[in-house]
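Everything below concerns the one structure shown next.
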Protein chains: 2
Amino acid sequence: MILVLAESALELVPKEIWNHPAVLADARRRGKRPGEILLDRVRHHPAMRLLADAKRRGRPDIVHQVLLAFQYSLLAKRGLGKAYIHTRDDYVIAVSPEARVPKNYNNFVALIEQLFALGKVPPKGEPLMELYRKDLATLLQELGGVWAVFHESGARKPLSQMGSELLKSVVVVGGFPHGDFQNKWVVEKAAVVYSLGEESLDAAQVICKAVTAAEVAAGLL
Amino acid sequence: MILVLAESALELVPKEIWNHPAVLADARRRGKRPGEILLDRVRHHPAMRLLADAKRRGRPDIVHQVLLAFQYSLLAKRGLGKAYIHTRDDYVIAVSPEARVPKNYNNFVALIEQLFALGKVPPKGEPLMELYRKDLATLLQELGGVWAVFHESGARKPLSQMGSELLKSVVVVGGFPHGDFQNKWVVEKAAVVYSLGEESLDAAQVICKAVTAAEVAAGLL
C-alpha cells in the first residue's frame with residue numbers, strides 16, 4: 001500500500017507574516033528565524049488571520065498523526081507500506097518505511113524543520129525522509145498513474161471488502177482540516193473512490209481503518 | 001466498548017526533581033510551578049535519570065495518541081464508546097464520550113495540567129474530563145468486574161472475530177511504553193486475553209485495531 005497524503009496543511013511560515021509579533025515571539029523562543037519554523041495554527045493564530053485560505057493551513061499535527069498511524073503499523077513494519085506527504089504548495093516528503101517518526105509532536109516539528117532546511121534527514125547516511133519540489137499530478141504519475149482516493153462522494157462498501165485492493169493500491173487521502181481537494185481531478189480521475197462511514201473522519205482515522213483492512217487482507221491480523 | 005488505559009505513564013513532575021535545572025527551566029518558560037506541569041521525557045530527560053522506574057514514566061504523548069484514536073472514531077461519535085485513563089500512581093480520568101480532545105499536543109498537555117489542578121475540565125458546566133484517586137482494581141470492579149485485556153501472552157485470533165465481543169466489553173490496554181503490567185492480576189484474572197500480530201504494538205495502534213473491529217461489528221464500517 002502506497003499512501004499519498006495530499007495537499008497537506010504543512011508549510012514554513014510564509015513571508016507575509018514573518019514580522020507579526022506572534023511569529024517573532026515563537027521564532028525567538030525557539031532560536032530560529034521566522035522563515036525556518038513550521039506554520040502552526042496553535043502558535044500563530046493571530047498572524048494567520050492575514051493569510052489567504054487560512055482555515056486549511058498550519059496543521060502539522062495532521063501529518064504527525066497520519067505518520068504515527070502509518071509508520072508504526074504492522075503493514076509498515078513488514079515492509080508492505082510506503083508513505084508520501086504532498087503539501088499544499090507542492091513539496092513532497094518521501095518517507096522511508098524504516099523511518100521511526102518521533103512520537104513527541106515538538107520533536108516531529110523540529111525534524112520537519114530540519115528537513116526543509118537540509119532537504120533530507122538525517123543529513124548523513126541513508127535518508128529516512130527526503131524533500132522534493134513536486135506537484136501532485138507528477139507524483140501520482142511517477143507512482144504509476146492509477147490511484148484510489150478516500151472521499152465522501154465515494155460509494156460505501158464494507159471495510160472488509162476493501163482490504164485486498166488497498167494492499168496493492170496507491171491510496172490518496174486529504175491532509176487538510178476542512179473543505180475539499182483543490183486538485184478536483186484527484187477524485188474525478190481516480191480508479192476507485194472509497195467512502196467510510198456516514199460522516200467525515202480525520203485523515204488519521206481514515207488511515208487507521210485503511211491500514212487495518214490491508215493488514216487483515218495480508219494475513220497480519 | 002469501554003476502554004481502560006491502565007498504568008498510563010502520566011503524572012505531574014514528582015517532588016524529587018522539582019529543583020532540577022531541566023525542570024525549573026521548563027516550568028519557568030511555561031509560567032507554572034514544577035509541581036504543576038506534566039512529567040515529559042522529552043523535556044525532562046536529564047532530570048528523569050534520578051527517578052525510579054524512569055523508563056516507564058513521563059509519556060503523556062501515549063495518552064494523547066490513544067485519546068485521539070478513540071474519541072474521534074465513529075464508535076465514540078455514535079456514543080458506543082467510553083474511555084477511562086488509569087495512571088501509574090492510581091488516578092483515573094473519566095473522559096466524556098462528547099469530549100473533543102485537543103489535537104495539538106501542547107494544548108492537550110495544558111488541558112491535563114488544568115485537570116490535575118482543578119479536578120475537572122472545563123471548571124464550570126458539564127465536565128468533559130474528571131479526575132479521581134482510584135486504583136485499577138476498584139475501577140474495574142465498578143465497571144462490572146469482568147474485562148478483556150490485550151497482552152502478548154494472549155491467543156491470536158482473527159481481528160474480524162473479536163469485534164462483537166469488544167463492542168460490549170471493558171477492554172484493558174497498557175498505557176506504558178515498555179515492560180509489562182505491574183498489576184499482574186489484570187492479565188491473570190481477565191475474562192479474555194487478546195493478542196494482535198506477532199510483535200508488540202503501540203497502545204494507539206492496538207486501540208485503532210480494536211475500535212475498527214468493534215465498528216465493523218456495529219455495522220458502522
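These figures come from a predicted structure and were not determined experimentally. We name chains A, B, ... by the order of the sequence lines, and we start the count at 1 in each one.
To the nearest 0.5 Å, the span separating SG on B:C208 from CG on A:L68 amounts to 12.0 Å. Taking NZ from B:K103 and OH from A:Y105, the interatomic distance works out to 13.0 Å, rounded to the nearest 0.5 Å.
Listed options B:D40, B:L74, B:I62 were ranked by heavy-atom pairs under 4.5 angstrom with chain A; first place goes to B:L74. By number of non-hydrogen pairs under 4.5 angstrom with chain B, the leading residue of A:E215, A:K157, A:M162 is A:E215. Chosen from B:D202, B:D61, B:L196, the residue pairing most often with chain A at heavy-atom distances under 4.5 Å is B:D202.
When side chains are defined from C-beta on, B:N104 does not count as touching A:R43, because their heavy atoms never get closer than 4.5 Å. Residues A:S160 and B:V216 have side chains not in contact (no heavy-atom distance under 4.5 Å, counting atoms from C-beta outward). The side-chain heavy atoms of B:V42 and A:N106, taken from C-beta on, include no pair separated by under 4.5 Å.
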Task: side chain to side chain contact (heavy atoms under 4.5 Å, CB included) assessment of B:V211 paired with A:K209 - done: CA-CA 9 Å; B:V211 165; A:K209 310 310 181 203; 4.0 Å; yes
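At a 4.5 Å heavy-atom cutoff, the contact between B:R29 and chain A is made by side-chain atoms alone. With a 4.5 Å cut-off on non-hydrogen atoms, B:L221 touches chain A through its backbone and its side chain both. Only the backbone of A:L220 comes within contact range of chain B, with at least one heavy atom under 4.5 Å from a heavy atom of that chain. Residue A:R41: no heavy atom, backbone or side chain, is found under 4.5 Å from chain B.
For A:K55, the NZ atom sits in a loose shell: 12 or fewer heavy atoms of surrounding residues, nucleotides or ligands are nearer than 6.0 Å. The environment of A:E152 atom CD is sparse: at most 12 non-hydrogen atoms of other residues, nucleotides or ligands sit within 6.0 angstrom. Heavy atoms from other residues, nucleotides or ligands lying under 6.0 Å from CZ of B:R156 number more than 12.
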